[in-house]
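In what follows, a single structure is set out as structure tokens and then discussed.
None of these values were measured; they are calculated from a predicted model. Order of the sequence lines sets the chain letters (A, B, ...), proteins ahead of strands, with each chain counted from 1.
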Amino acid sequence: MRRAGFIFMLVLMASHADPVAAERLVVSLSNHRVAITSNFIGEELVLFGTIEPDADNPKLRAAYDIVITVTGPRQTFRTRRKQRVLGIWINVDAREFVRVPSYLAVLSNRPVSEIADPETLRRLQIGLANFLLPQRIGPDIADTVRDDPFRVAFVRQENQHGFYRESASAVTYLTPTVFRAAISLPADAPIGNYEIDVKLFAHGAMIVRTNSALEVTKTGFEQYVADAARDHGLLYGLATTLMALLTGWIASVVFRKD
Amino acid sequence: LQIYLPIADLPVNVFLVLGMGIAVGFISGMFGIGGGFLMTPLLIFVGISPAVAVASVASHIAASSFSGAINYWRRGTIDAALAMMLLSAGILGTATGVWLFTELRAVDQLDLLIGLSYVMLLTTVGAAMIYESIRAVMRAYHGGPATLRRPGSHNWIHGLPFKLRFKRSKIYVSAIPVWAIGFFIGFVGAIMGIGGAFILVPMLIYFLRVPTATVIGTSMVLTLVTMASATVLHAATNHLVDALLALILMIGGVIGAQYGARTGQKMRGERLRLLLGLLVFAVGLRFAYQMVIQPDDLYSIRHVRIG
């Protein structure tokens, strides 16, 4: 009996140390490239995945959990706090969130707090509360405690705008080993590369992870205008002014009163 | 029909923006103003950031004032010499305004600057217009002679040095108030996204005694130049001018202005001024209200562009 327990321990340690001996995770995204055109109103992407048994260990466990973290291009934001000064509300304090995801979605098949213990969630940065959001504090850049008012306000506002979200129902199982996940991008989705990190959990421990990616681009006219405004500000301004003068001139010709 | 605005970075209904352009264009045609003081707050109201709204409306006003200036030029009612004097200081004022705009945006106080400017300027100017036009309406009601203080009665401004003669307007005034007015209009225009015709015209009449024949045409030239330079400077420094938004506003604006002008011609001058005064005052109050009530969320986020 004692020997059997010892062997069991060895097997456990081996499986923990060697992830090759675990299940495999295969994912496929419906669309790797989202083009923002003039009539873009947001898009829902679908990610399909299967959990496959490893060749050496064909036995599958009873219950799996999936956590998908989608992170958009990193950007820097300032969060300002208003306070009443002499009767009017003005920004009195601001914090800079340095190179944080402009889009962050945590999608799972049930609440992440039920999937793993808080320590594991924190270590793997799972969930909006555990994702690292570094702030510039004096000369240092560090994440704060999760209930820091600026952090809470930042996450809340990004959530209201659809940029940050956490959904415990976005991942659904089609069969016990095949799942689909809905990744919804808002109409004003930030431009750039998005990373998709898929983690497979069983009994509160991560077994395997894999990743995918997607790209959001502005196309055609929108891209051209945005690029011109950013890279050639002066020329862009002159062109806009010229357009204004042309419109004014056309109007004066069309509506000439004699 | 939703379209995506490339600089404002949000989708808007094209008919909503076009409708706003037509509505503001109608009012601007009716009163002979650019309508920036209505357009900029409306854009902020539909969710466009104040910075993008101010910068984009500048080009919209450049279009409508150019259209107007052409018409006045054809009729020969522009005092070119006076316009040149005004706009030389106007461009300097615009550059100063854009500089202050950029500096305060970096320290998160731009919205405060825009709000305070709107409250102070619109409530005082609006109140003055209401007062003046009510007196004129009362005079007309009592059958008294509608005599405004005529040019010729001198005030302290006519005692200033560096006097210049503007033949077209038949006035002889110091260059100092001309430059001061030009600078002031350029400065507030760049900060608030307004052409400033509703302040400029009364200033030219009361301070410089510019006759009504040349005052509108000349003020349009100044508005055109300050707004065109504000567009270029905002685009070059802050990259905030949304050309697509501006184009839709321009198209709506020029259409609305035609119908507004016809309506305006049917109304009596003092009634028109009273209406405009009430409108200006109301927009000022709206900004004041917004600054005094507690916002729904004390926190706000601004995207910092690096490099």
Fill in: Atom group of B:S64 that falls short of 4.5 Å from chain A, counting heavy atoms
neither
Worksheet item: When only pairs under 4.5 Å are counted, which of A:I191, A:L242, A:T247 shares the most heavy-atom pairs with chain B?
Response: A:T247
Discussion item. Can you see whether B:Q109 engages A:N91 through a side-chain donor-acceptor pair at a distance of less than 3.5 angstrom?
Written reply: no
Worksheet item: Should B:Y299 and A:F154 be marked as a side-chain contact (heavy atoms from CB on, under 4.5 Å) after you check the CA-CA gap, both sets of side-chain angles, and the distance that decides it?
Response: CA-CA 8 Å; B:Y299 292 86; A:F154 178 71; over 6 Å; no
Practice prompt. Under the side-chain contact (heavy atoms from CB on, under 4.5 Å) rule, what do A:R156 and B:D297 come out as? Steps first, then yes or no, please.
Written response: CA-CA 10 Å; A:R156 182 182 66 236; B:D297 198 330; 2.9 Å; yes
Practice prompt. Could you check which of B:S65, B:A288, B:A63, B:P11 has the highest count of heavy-atom pairs closer than 4.5 Å to chain A?
Written response: B:A63
Fill in: For B:D108, the option from A:R78, A:K82, A:R95 that meets salt bridge (charged side-chain N to carboxylate O under 4.0 Å, His left out)
A:R78
Item to complete: Report, as yes or no, whether the 6.0 Å neighbourhood of atom NE2 on A:H32 holds more than 12 heavy atoms from other residues, nucleotides or ligands.
Response: yes
Item to complete: Go through the atoms of B:I61 and report whether side chain, backbone, both or neither lie under 4.5 Å from a heavy atom of chain A.
Response: neither
Worksheet item: Any donor and acceptor pair, going by atom type alone, linking the side chain of A:Y236 with main-chain N or O of B:V241 inside 3.5 Å?
Response: yes
Discussion item. Let's test your reading of the structure: which of B:D111, B:T237, B:V254, B:I70 forms the most heavy-atom pairs below 4.5 Å with chain A?
Written reply: B:I70
Worksheet item: Yes or no on side-chain contact (heavy atoms from CB on, under 4.5 Å) for A:E158 and B:I301, after CA distance, side-chain angles and deciding distance?
Response: CA-CA 9 Å; A:E158 292 288 314; B:I301 296 175; 3.4 Å; yes
Item to complete: Give a yes or no on whether A:R99 atom CZ has more than 12 heavy-atom contacts from other residues, nucleotides or ligands under 6.0 Å away.
Response: no
Worksheet item: Atom CZ in B:F66, atom CD1 in A:I250: separation rounded to 0.5 Å?
Response: 11.0 Å
Worksheet item: When you look at CD of A:E195, are more than 12 heavy atoms from neighbouring residues, nucleotides or ligands closer to it than 6.0 Å?
Response: no
Fill in: A:G237 to B:T231 - nearest heavy-atom pair and separation
O-CG2, 4.1 Å
Worksheet, complete the sentence: Nearest heavy-atom approach of B:H239 to A:A229 is ND1-O, 2.8 Å
Worksheet entry | Partner set under side chain to side chain contact (heavy atoms under 4.5 Å, CB included) for A:D93, not counting sequence neighbours | A:R81, A:F150
Practice prompt. First locate atom CZ of A:R84, then atom CE of B:M291, and finally report the distance between them rounded to the nearest 0.5 Å.
Written response: 12.0 Å
Worksheet item: Side chain, backbone, both or neither: which part of B:L112 has an atom under 4.5 Å from a heavy atom of chain A?
Response: side chain
Discussion item. As an exercise: rank A:V254, A:L245, A:L234, A:I90 by heavy-atom pairs under 4.5 Å with chain B and give me the winner.
Written reply: A:L245
Worksheet, complete the sentence: The interface call for B:L247 against chain A, heavy-atom contacts under 4.5 Å, is both
Worksheet item: Does any heavy atom of chain B fall under 4.5 Å from the side chain of A:P149, the backbone, both, or neither of them?
Response: both
Fill in: Any donor-acceptor N/O pair, A:W89 side chain to B:V292 backbone, under 3.5 Å
yes
Response to the item:
Checked B:H60, B:Q290, B:M250 vs chain A; the most non-hydrogen pairs under 4.5 Å come from B:M250
Discussion item. Measuring from atom CZ of B:R302 to atom CD of A:E96, what distance do you get when rounded to the nearest 0.5 angstrom?
Written reply: 8.5 Å
Response to the item:
Heaviest contributor of heavy-atom pairs below 4.5 Å to chain B, chosen from A:I88, A:V225, A:L235, A:I36, is A:I88
Discussion item. If you count heavy-atom pairs within less than 4.5 Å of chain A, which of B:A62, B:A246, B:P295, B:A228 leads?
Written reply: B:P295
Worksheet item: What part of B:L244 is in contact with chain A, defined as an atom under 4.5 angstrom from a non-hydrogen atom: side chain, backbone, both or neither?
Response: side chain
